[in-house]
Structure formats: C-alpha cells, structure tokens
Amino acid sequence: MAVDTSRLNPPQRAAVTHGGGPLLVLAGAGSGKTRVITYRIAHLLGLGIPPDAIAALTFTNKAAEEMRERVAHLLGDRRTAAKLTMGTFHALGLTLLRAERKALGYPRGFAVYDQADQLGVVREVLRSLKDFSRDGERRWDVKAILARVSLAKNGFVAPDDYQPREGDEYDAITAEVYPRYQAALRSYAAFDFDDLIVEPVRLLQGDAGVRARWAERFRFVMVDEYQDTNRAQLLLVKELVAHHGNLTVVGDDDQSIYAWRGAEPANILRFADMFEGAHVIKLEQNYRSTRHILAAANAVIAHNTQRHGKTLWSELGAGEPITHAVAQDVEQEARWVAQELARQREGGRRWADLAVLYRSNLQAKLLEDELRQHDVPYVMYGGQEFFERKEVKDVIAYLRLALNPRDELSLRRIVNYPARGVGPATVEKLAAWSQARHVTMWEVVQAVAQADDAQALDDAGLRPGVRRALSELVAIVDALGRGLRDGAAVASTRALVEAIGLHDDLRAAAPSATAAQRRIDNVEGLLGSLARFEAKARGADALGDYLRKLSLESGEEADTSGDKVVLTTLHGAKGLEFPVVFMVGLEEELLPHARTLSPQATDALDAEHASDVSEERRLCYVGITRAQRKLYITRACTRVSRGRQVPRLPSRFLLEIPDELLEVRDLAEEAKAAVPQAELRSFFASFAGDD
DNA sequence: AGAGCTCTTATTTTT
DNA sequence: TAAGAGCTCT
C-alpha cells in the first residue's frame, strides 16, 4: 500500500518518492527532515522492499529510537518497523564485527571499550613507554593524546601511517602511543568506539567474502545528520552501497558543528562529487519559527562562504521582535534571565517551553544559582555526568573478565579491588612475566594461583600472601564464568557481589550512610538491568552482547519528565526546539570562543579548523533556529575571566543581525530607573558623613 | 586509603 | 576565582 504523500510539500515529496541512486536532502532547520526519512521508508516499504533490506543510520540512540517510533506510528505497524535496521553507525559496526569477528581473530567474548576504558589503555601504554621516552617525568594530558588517536582513526589513518606534525610534542607522543594502543586493544580482544567504524571498513575493503555478505545486505541505505559524518563513516557508507548506490543522506551543512571531533563538512559539501549521479533536493520551508527569527538566522549564516546556500522561509508570520538585552555584568545578565523566565511563565508558558542556551558549561553555574534563587525549576542537559559510577564499572569489569580472559584492562581494574594485597608493584611483576612468556596476564594470575612450588614464586619475587589472594580471585572469576555460561547471569553476579563483599566495602569507603546506600542502589540497578536482560536473553553470546551494548549507551538520559526549564550548551541543543529560547553570553571570545580565535598549541588538533570562526557561526545559527516564537539574546559588558573582571564586546554574530529585527534593552539603565527615589536618597545620604 | 597541601588550568563531547 | 589533579604525609 502506497504511503499518503499529500501532506508533504513538493520538495519533501520529491525526496520521499525519489527512485534509486544517491540523493542528498539538504534539510534546513525545522524543515521536516525526520518526516522525509520516515515517509521515505514507508514509501519504500509500500513499493514492496522488505524491511530488513532497509537501513537507516543515526548518530544517537535517541534519534534512532525516535525514528523507529515515528515509522511505526506512520505505518500503524510495530512489527514491520521492528524489522528495519535502524540504529547508530556504531551499533551497525558492532553487528558487523560480531558476525565477522573470526576474520579478525577475535574471540566470542570480545569487549567494546568506552571512553573511560580508552583513557585507561592510553595510560597503560604511557606507563610502558616510560623508560623509552627520554622525559619519563613528563605528565602528559592523556585526553589530548586520546583525542589525537581518535581523530586519526576517524580520518581512517592507520597506526603506521600517522604523520606527526613537525614541532608538535603531542603529535610526537601520539605517534609512539597509537601503534602500541592499537596493539594493546588487539591483545585484550577489545575494540574501542572508533574501531566499530574503522574495522568494518577494513574488513569490507580487504575481504571479498565479507564484502559479498554485506554489500548486498541492504538495498537502501539512509543516513541522518550527514553533515556530522567523518571520513571513516563515509567509507563505511560507500562500502555498504557500493553495488547499487541507493543512498539517501539528510543533513544541513549549516549545522555542522562537530568538525573539531573529526566530522568532515566536505562529505556533505562535495556529496555530488563523491557519489556519481547524485540528486540534490533542498528543503527551505521552515515549520518551526516566525519570520523575525528566521531572518536573523539567515542573516548570520549568510556570512559563511563554504556552503550549499539555503534561505529558510516560513508561513508562521512575523512574530515578536528579538530581544537583545545588554547587562552590566554577568550577575545582572543571569538575574534578568531568571526573572524573564518567571515572567514568561506568568504569561502562560510552561517551564518546559523555555530554554537557556550557552556556549560553555562554565556559564551554567551562575545561571543555576539564579534560577534556584528565583525558584525556577530546571534540568541540565549533558554536562559532564558521564556514567562514572565506579561501583558499577567494577562489577562490569568482573563480568568482562569472566567472559574474555584476555581483557587485561578489566583484570587490572579488579585485581586489587576490593583490596586483597595485590599492589602496583605486584601487578608490574605479573605484567613483566606475561610479556616475557607471551601469555596473557590472566594466565599468569592462574599460574601463580596454582603454583605449589614456593621457589617459582620466589623467583618471580612474589610473596605467599599474593598467591593466596590470587587463587581466591581465580576461584571467584571461574565461578562467575561458569555461572554466566550456564545462563544464570543474575544469580552468579549476585554471588560475585557477595563473594567480594562489595556492599561492606562500599559502606566502609563511603563518607556517609546515604552515599553508601546510593552506591549499593547503583549495583542493585545493574542487577535489575541484568535481570531484564536475562528474561529475554537468547543465544550463546547473549550476555556478551549485553555488555557490549552497555558500552554504547551513554549512561542516563537527562530527566525530561516534569515541567522544567532546559539548560544546555549550544552543542547539546542541536535537534531540539522550544517556543522561547534565551541565548546568553553573545560576546566576542565566548561566541566565537577565544580558543577558536587564537588556539593554543596543545589544542590545535587540526590547524585548518582551529582558526575557523565559521563553525562558531554555525553554532550561533543552530542556537537561533531552536526558537519557535520568541528569541532572547543577552550579553554582559564585563565578565570575570581567569579571575579578572574584563570588558566584553558584543559578538560579531550579533552585529550581523539587522538592527530592525532587534529590540535593545539596556538592563543597567532599567535597573537604575527602577530604584525608588526614597531609596536613592538614603543611598546618597549614606555618603554624607564621609565628606 | 584518605586528608590536606600546592600547583595548574580554565570549549564544545552524539558513540 | 575556583575546581581538579598530583603530591606528601599520616
């Protein structure tokens, strides 16, 4: 049955009903891009394409879930929607690696490392490098090194092909670390996030058998947020559609804000050169914002040169003018925003209709204080609350080790947790033994645990107490492994928690009873999650799949339930919309950020993008186009920066908005005028005595 | 392991 | 300024 396209506008309909071959849909903000993807999927299904021959790739789990939801709704058929391949690039890559792991020599229980794990591996490599890099004293910024490794992988640069730039010490150390890092992952039987893209590409490019299996698997491939794809992702997509070229990508070059993370705007800018015979359709009618808001957005983005060029228009009417509020200082700015939020609420808006967007998380603190003072309820999106629940990661490390004894990172994590007298010196001895004999560290641990020969231990410089501790560990992990293989995930994990006395340890280590209880609850939460998994588990490798997918989930979503104002960075706001939006701190050195104006050497990961304000302008554009009905832009004339009060200039982007769209308010003037005369008199009177 | 000290550094972060 | 990291001492 054909899908009803009568409610689509002409370019939307053209995109939805496009036949085969490459298609680029340039979807301006609020132009109905998700609508186009979902309708197109429905259209293809209507033509008789089976659902398992269609793949739609996104960047976030959330986007994938929403899309599946909308397709299910459109079709009125959950079962068909469930058969579509709809997920993140990383999830697809994981599926492929799981199926083809043997070609790469990876065992069934292979691990997927998240960012925290990756940092651990880099630290490990640096430690092993110590006596080799002349300055063993150097305290490297581990994150900066990992960022370079990751950027290299995103750019599909192999370890041996990495080219350090002359004179950049971080490039130099990365050139040392990257090959060893990759070798470590391999020996641990682990893939990191970036490998989930890179390794499938290498397999597809290099193995005819694998290529034959996957290049025909999907007859139609769709990619959302295409402007955010990196080189490795482009290559993956190319491989998937190599035989038929049935590729639809949807994105907006004007919303490309992740080049600093390896996204290549060229993928969308030069799509037509990369995919022969490509069609391009522009969606320029905006269904989100009023004309004043769109005019401001269009005016700002028009200052960028490298773009396809779109002009958004809307039938929603002129709407209210944009308020440009100029505050004396940041306190006044934050206070006014809080008050104005409250006024909006009094005017009939829900709290959840309102959002405050900022460039840097640093700005959020003051805002939070003021919102609390004015009793404005809020939720913060993003922030740095990655799921760093140590106690959960500790338990997961035991599970990983039980499933994959090669996982040295997990072994190192738990070998002395809870404390069992196996300190760093002992671990180094185990590591040295493992290296010398070319066996895994777990095999060394097993050997030590079983050693009945005191002499052998002595030779290795290990005390009898260590042997006892390690044989206990081996017993615990072996028991766990047996339990897991028997399919009793919850029971054996609970047995583990008891065997290592985790609850007692958490209680002993926690500063308060409530903190202890929270950590225990986190562990219970993991057990609950395991129980839900166990209820629907199928297949020999189900628990492995569960653990790997856990790595791909970025922890807890912000709590969107409840009526609350949203606080988020401009980056975090992409894809969202609100009736009323406040963009705060529209000042030079904040937006555009100082770091993009004069980048510091250590951070100049990519010299070409480093001094590029166009990405900052796009960020501004993303912010403006989040607003449906009312936009506020605020700035302060002075701001405390590095502990000093400094004068601030309005953002160049603000000056790019035509004056007639802005209604300027001088908050300092208004504050002065608002002070009652009597108060003024007594204020001046207080100085009288000092004369 | 943890308290308390000094030193350092100050974007954005879908997986 | 002010938070986080690293260090020393108990």
Side-chain angles (χ1 to χ4, degrees), chain A residues 57-65 87-94 112-118 137 139-144 146-147 150-151 153-154 191-198 224-225 227-230 232-233 255-263 330 357-366 381-387 416-419 423 505 508-511 548-555 557 568-576 585 589-597 599-600 602-603 605 609-610 615-616 618-620 622-623 639-646:
Chain A
L57 302 179
T58 64
F59 277 84
T60 66
N61 295 310
K62 192 173 147 220
E65 281 158 28
T88 62
F89 273 95
H90 292 83
L92 176 69
L94 177 57
V112 171
Y113 281 180
D114 67 16
Q115 196 186 317
D117 301 322
Q118 290 178 272
E137 311 278 297
R139 296 202 326 267
W140 293 102
D141 177 349
V142 181
K143 280 196 174 145
L146 180 60
S150 184
L151 225 44
K153 289 186 167 195
N154 290 164
F191 295 113
D192 69 12
F193 279 160
D194 303 316
D195 289 338
L196 298 184
I197 313 296
V198 171
D224 188 23
E225 303 280 16
Q227 76 281 355
D228 290 337
T229 52
N230 57 41
Q233 285 160 334
Q255 292 187 67
S256 158
I257 54 173
Y258 284 107
W260 56 276
R261 265 182 126 226
V330 275
L357 315 184
Y358 38 84
R359 173 69 237 260
S360 149
N361 284 311
L362 258 70
Q363 296 168 258
K365 201 177 176 318
L366 231 179
Y381 281 17
Q384 51 221 44
E385 269 157 278
F386 283 89
F387 80 123
N416 196 36
Y417 182 82
D505 192 85
R548 287 185 283 268
K549 293 212 173 96
L550 211 58
S551 305
L552 296 187
E553 284 169 17
S554 61
E557 290 288 314
T568 176
T569 61
L570 288 163
H571 284 90
K574 202 181 70 168
L576 307 176
E589 312 223 296
L590 206 46
L591 186 71
H593 197 276
R595 294 296 266 270
T596 73
L597 297 173
Q600 284 189 0
T602 341
D603 289 334
L605 294 176
H609 293 295
E615 182 151 310
E616 297 285 303
R618 290 192 288 269
L619 204 46
C620 183
V622 165
R639 184 173 293 268
V640 179
S641 157
R642 291 156 123 217
R644 287 213 168 268
Q645 187 91 1
V646 288

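Chain letters run A, B, ... following the sequence lines, proteins first and then strands; every chain starts at 1. This one's a predicted model, so the numbers in the text were calculated from it and none came from an experiment.
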Take atom [atom1] of [X] and atom [atom2] of [N], then tell me their distance rounded to the nearest Å.
X	N	atom1	atom2	answer
K143(A)	dG4(C)	NZ	P	11 Å
Y258(A)	dT12(B)	OH	P	11 Å
W140(A)	dG6(C)	CH2	C1'	18 Å
Y358(A)	dT12(B)	OH	P	10 Å
D195(A)	dT15(B)	CG	C1'	12 Å
L552(A)	dT15(B)	CG	P	9 Å
H90(A)	dT13(B)	NE2	P	17 Å
N154(A)	dT15(B)	CG	P	14 Å

Quick one about D195(A) and Y113(A) (side-chain donor to acceptor, distance below 3.5 Å, no hydrogens or angles considered), yes or no?
no
Distance, P atom - from dG4(C) to dT13(B), rounded to whole angstrom
16 Å
Partner residues of L362(A) under the side chain to side chain contact (heavy atoms under 4.5 Å, CB included) criterion, sequence neighbours left out:
S360(A)
Tell me every residue that passes side chain to side chain contact (heavy atoms under 4.5 Å, CB included) with T60(A), counting only those two or more places apart in sequence or in another chain.
K62(A), A63(A)
Taking for each residue the nucleotide of DNA chain B bearing the nearest heavy atom, is the 5' side occupied by A419(A) or by T568(A)?
A419(A)
Mind checking if [X] touches a base, just sugar-phosphate, or nothing, with heavy atoms under 4.0 Å?
X	value
L619(A)	nothing
K365(A)	sugar-phosphate
E616(A)	base
F89(A)	nothing
N61(A)	sugar-phosphate
R359(A)	base

Between dT13(B), dT15(B), dT11(B), spot the one nearest the side chain of T88(A), thanks.
dT15(B)
What's the closest nucleotide to the L362(A) side chain, out of dT11(B), dT15(B), dT13(B)?
dT11(B)
Roughly how far, to the nearest 0.5 Å, is CG of D117(A) from CG of D192(A)?
10.0 Å
Side-chain N or O of N230(A) versus OP1/OP2 of dT15(B): is the shortest distance under 4.0 Å?
no
Would you please confirm or rule out a distance under 4.0 Å between OP1 or OP2 of dT11(B) and any side-chain N or O of T569(A)?
no
Residues K574(A) and E225(A) bridged, charged N to O under 4.0 Å:
yes
